[in-house]
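Let me begin by presenting the structure, written as structure tokens, before commenting on it.
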There are 2 protein chains.
Amino acid sequence: MKKITLKKIAQVFNVSVSTVSKAINDSHEISDDLKGKIQQYAKENKYRPNKLALNLRQKKTKTIGVVVPNILNYFFTQVFSGIEKVANEKGYNLLSCISDESYDKEVKTLEFLGGNTVDGIIISMAEETQFKNKMDHFQNLVDERIPLVMFDRVSNEVACDKVVVDDYEAGYKTTNYFLSTGCSTVAVVTAIDHSSVGRLRVEGYKKALDEANIPYDDKLVVRLDKKDDLELRISFLLNYKKVDAIMALDEMTAVEVLRIVKNKGYKVPEDISIIGFTNGKLSRYVTPALTSVSQHGTYIGEAAANILIERMEDNSNRDFSTLTIKTSLVMRDSTKKRLDQ
Amino acid sequence: MKKITLKKIAQVFNVSVSTVSKAINDSHEISDDLKGKIQQYAKENKYRPNKLALNLRQKKTKTIGVVVPNILNYFFTQVFSGIEKVANEKGYNLLSCISDESYDKEVKTLEFLGGNTVDGIIISMAEETQFKNKMDHFQNLVDERIPLVMFDRVSNEVACDKVVVDDYEAGYKTTNYFLSTGCSTVAVVTAIDHSSVGRLRVEGYKKALDEANIPYDDKLVVRLDKKDDLELRISFLLNYKKVDAIMALDEMTAVEVLRIVKNKGYKVPEDISIIGFTNGKLSRYVTPALTSVSQHGTYIGEAAANILIERMEDNSNRDFSTLTIKTSLVMRDSTKKRLDQ
DNA sequence: CTGAAAGCGCTAACAG
DNA sequence: CTGTTAGCGCTTTCAG
């Protein structure tokens with residue numbers, strides 16, 4: 001009881017393949033009698049058209065490729081789930097790949113997806129790619145006119161639609177919030193200093209300091225390597241100066257910093273306030289619950305998918321756009337109240 | 001600069017398509033001279049074979065379909081990441097879909113995947129499917145000889161390879177552990193009572209009670225509905241009887257129970273011990289850190305992928321197997337020490 | 001109303 | 001060494 005094809009049905013009824021095709025697609029060209037019989041037979045034998053053949057013929061696959069650097073990161077799974085939602089609504093399927101933050105894997109994945117496997121691609125760059133700043137594999141897609149949407153970690157060397165978070169403003173806003181609660185020595189801990197996203201947040205941080213006439217001190221920015229011992233680095237930081245606020249650029253780091261700081265006997269937020277990026281479940285359930293920057297991942301996913309689908313279904317070559325999503329601060333218990341309230 | 005095909009290359013060199021095909025595939029049948037020229041031209045023009053055509057011809061896609069009920073659940077993302085790892089190693093791609101715990105969506109997804117889109121499928125059933133107990137869509141796949149591996153939430157009505165967690169033993173082990181630390185009134189909170197998995201855990205729980213000569217009390221098993229108010233249900237539970245241990249059947253529930261219990265002024269683990277299923281990040285970072293049942297998600301994913309790939313590449317129709325993965329208890333701070341230690 | 005033919009892009013058996 | 005032919009499964013003119 002293996003796959004049944006139009007050909008086989010045609011043999012059964014002693015008609016041509018094209019007749020069967022039309023019958024099954026309910027064409028008016030076929031007599032109701034024959035149509036009925038064939039349709040019934042098809043149903044009984046669970047005929048299912050071969051998608052491959054269909055796609056080959058119609059030169060589209062109705063599927064969109066998604067590439068994320070890391071699925072164990074809550075932000076990306078949120079985005080993913082947003083993409084999934086609208087893709088599903090609009091009848092598209094998702095072919096999803098993980099680059100694992102590796103440049104090579106990203107290149108391979110994109111090559112695969114480029115081979116007529118999908119009609120369009122949504123991607124956030126691997127960290128290594130941003131570090132090496134090699135964009136040829138994206139350029140290839142663009143050259144081949146494969147609709148492409150980049151989100152979060154994007155490059156302005158690539159001409160395509162983009163959806164980004166306003167990370168600069170987020171860093172600025174966060175720092176300002178610390179200052180407005182009476183903190184004066186704000187440190188930053190980043191594990192993503194190779195990514196544009198991380199850099200922008202630090203820039204925003206600098207701007208806020210500048211506006212408050214606080215000199216920028218590079219020693220207060222802790223840049224983590226993969227194998228760095230966070231605990232050690234935090235010790236150094238706290239010995240270096242009496243910091244009273246820490247902005248952590250991803251959720252895991254924020255949670256870890258919280259743990260370490262508590263372990264060392266500091267009270268959060270009385271002694272040290274903490275704000276983390278990515279408003280995931282961890283932030284909510286940790287004690288004290290972390291004030292965090294929400295990047296609205298699900299929304300970003302939805303937006304990216306909508307933009308891509310529009311681009312795919314629309315031939316008018318309108319200009320590429322960059323959609324910037326504002327973040328919002330979700331207040332919880334790891335920060336003090338504002339002084340003026 | 002759109003897609004370039006064999007045909008076009010053939011025209012350029014005034015040779016036949018098959019010659020080009022052979023040249024590009026580095027066949028010894030072609031003169032080194034011609035081969036060189038064609039290969040170079042292909043490279044320069046970024047020739048990439050049309051995967052669709054290839055797949056149609058070779059009747060395989062080198063991709064495997066993965067269907068999980070919910071990507072925001074840490075267990076599934078772990079499994080997913082395990083699958084991804086071995087698929088990648090063995091040169092397979094992943095087409096991943098989310099059933100969103102919905103029967104209808106699962107049926108649709110499987111229909112899609114069945115249409116020659118993938119060579120094999122790995123799936124964990126939607127809760128609704130388990131509830132309705134309708135398995136026709138799986139049977140279809142089996143009938144069509146599409147290799148299928150079910151994991152975690154499986155049905156024994158479907159003849160295929162399976163990878164399951166030893167949930168019965170996990171429930172048993174967990175309950176026993178509570179008892180061994182001096183707890184005597186163990187409650188269960190489940191949000192997945194419709195799934196085989198949840199049921200088995202409760203069965204194991206009953207067995208442990210039975211062996212300890214503790215009568216089973218159905219009121220101690222809190223079965224949650226989507227819209228149930230957990231806080232309220234826990235209040236009832238705690239008023240009903242002085243429970244000193246709670247086993248929560250998924251991570252979110254465990255964390256919520258912990259929060260609620262702490263809020264009510266109970267000390268964890270002194271007054272009430274808690275163990276949750278799924279050993280994810282949440283469990284680790286919550287205060288106190290939750291003792292949890294690890295289902296070894298990544299390992300399950302790897303196993304499922306390996307079994308599927310073997311089945312796909314191997315034509316010998318060997319019998320279907322069910323691999324059972326033992327859980328382990330990860331000790332942290334939400335439980336007391338064993339009395340005998 | 002039904003069928004023959006062409007073609008999507010590619011490979012492979014078989015001639016030449 | 002290179003080309004011809006056939007075919008994967010399906011749709012779509014265009015004839016009949």
Side-chain angles (χ1 to χ4, degrees), chain A residues 2-39 41-42 45-63 111-119 144 146, chain B residues 2-39 41-42 45-63 111-119 144 146:
Chain A
K2 248 198 135 160
K3 320 236 114 100
I4 182 158
T5 66
L6 289 189
K7 203 177 174 184
K8 290 196 192 131
I9 302 185
Q11 282 162 358
V12 171
F13 287 88
N14 246 308
V15 294
S16 78
V17 177
S18 52
T19 304
V20 178
S21 168
K22 286 173 191 165
I24 284 180
N25 290 313
D26 216 25
S27 158
H28 51 273
E29 294 182 22
I30 307 293
S31 69
D32 288 347
D33 183 34
L34 220 201
K35 228 161 49 174
K37 277 195 269 185
I38 290 183
Q39 286 181 357
Y41 183 86
N45 290 275
K46 302 199 187 101
Y47 167 74
R48 273 197 261 130
N50 184 324
K51 283 259 162 47
L52 254 33
L54 261 171
N55 292 342
L56 178 57
R57 186 113 225 297
Q58 301 171 165
K59 287 164 161 303
K60 56 181 178 159
T61 61
K62 267 279 183 182
T63 110
E111 246 162 37
F112 169 72
L113 292 179
N116 304 69
T117 325
V118 297
D119 296 345
E144 292 175 25
I146 298 176
Chain B
K2 238 184 146 170
K3 321 238 113 109
I4 180 157
T5 67
L6 289 189
K7 205 175 172 183
K8 289 195 193 132
I9 303 185
Q11 282 162 359
V12 172
F13 287 88
N14 247 308
V15 294
S16 79
V17 177
S18 53
T19 302
V20 178
S21 168
K22 286 174 192 163
I24 285 180
N25 290 313
D26 214 25
S27 159
H28 51 273
E29 293 182 21
I30 306 294
S31 69
D32 288 346
D33 182 35
L34 221 202
K35 229 162 48 173
K37 278 194 267 183
I38 290 183
Q39 286 180 357
Y41 183 87
N45 290 275
K46 302 205 187 95
Y47 166 75
R48 276 204 255 123
N50 184 324
K51 283 261 161 47
L52 254 35
L54 261 172
N55 292 341
L56 178 59
R57 185 105 227 297
Q58 301 174 163
K59 286 162 161 304
K60 55 179 180 165
T61 60
K62 268 280 183 179
T63 110
E111 246 161 36
F112 169 71
L113 293 178
N116 302 68
T117 325
V118 297
D119 296 344
E144 291 175 25
I146 298 176

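Numbers restart at 1 for each chain; the letters A, B, ... are given by sequence-line order, proteins then strands.
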With respect to A:Val20, which candidate in A:Ile30, A:Ile38, A:Val12 satisfies the side-chain contact (heavy atoms from CB on, under 4.5 Å) definition?
->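 Among A:Ile30, A:Ile38, A:Val12, the one that satisfies the side-chain contact (heavy atoms from CB on, under 4.5 Å) with A:Val20 is A:Ile38.
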Double-helix bend of the helix from C:dC1-D:dG16 to C:dG16-D:dC1, axes at both ends from 5 pairs, round to 10°, gives 60°
Find out whether [X] and [Y] are in side-chain contact, i.e. whether some heavy atom of one side chain is under 4.5 Å from a heavy atom of the other.
X       : Y       : answer
A:Thr61 : B:Leu52 : yes
B:Leu56 : A:Asn55 : no
A:Lys46 : A:Ile4  : no

Checking all strands, does [X] fall into the base, sugar-phosphate, or nothing category for heavy-atom contacts under 4.0 angstrom?
X       : result
B:Ser31 : sugar-phosphate
B:Leu56 : base
A:Leu34 : sugar-phosphate
B:Thr5  : sugar-phosphate
A:Ser21 : base

Quick one: on DNA chain C, does A:His28 or A:Gln58 contact a more 5' nucleotide (nearest heavy atom)?
->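 Whichever sits nearer the 5' end wins; that is A:His28.
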Among D:dT12, D:dG9, D:dT2, which is the nearest nucleotide to the side chain of B:Lys59?
-> D:dG9
Hey, where on DNA chain C does chain A first and last touch, going 5' to 3'? Cut-off is any atom under 4.0 Å from a heavy atom.
-> C:dC1 to C:dG9
State plainly whether the residues A:Arg48 and B:Glu144 are in salt-bridge range, i.e. N to O under 4.0 Å.
-> yes
Phosphate OP1/OP2 of D:dC8: any A:Lys7 side-chain N/O under 4.0 Å |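 Yes, such a contact exists.
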Phosphate oxygens OP1/OP2 of D:dT11: is one of them under 4.0 Å from a side-chain N or O of A:Asn25?
-> yes
Starting at the 5' end of DNA chain D, which residue's closest nucleotide do you reach first, B:Lys35 or B:Arg57?
-> B:Lys35
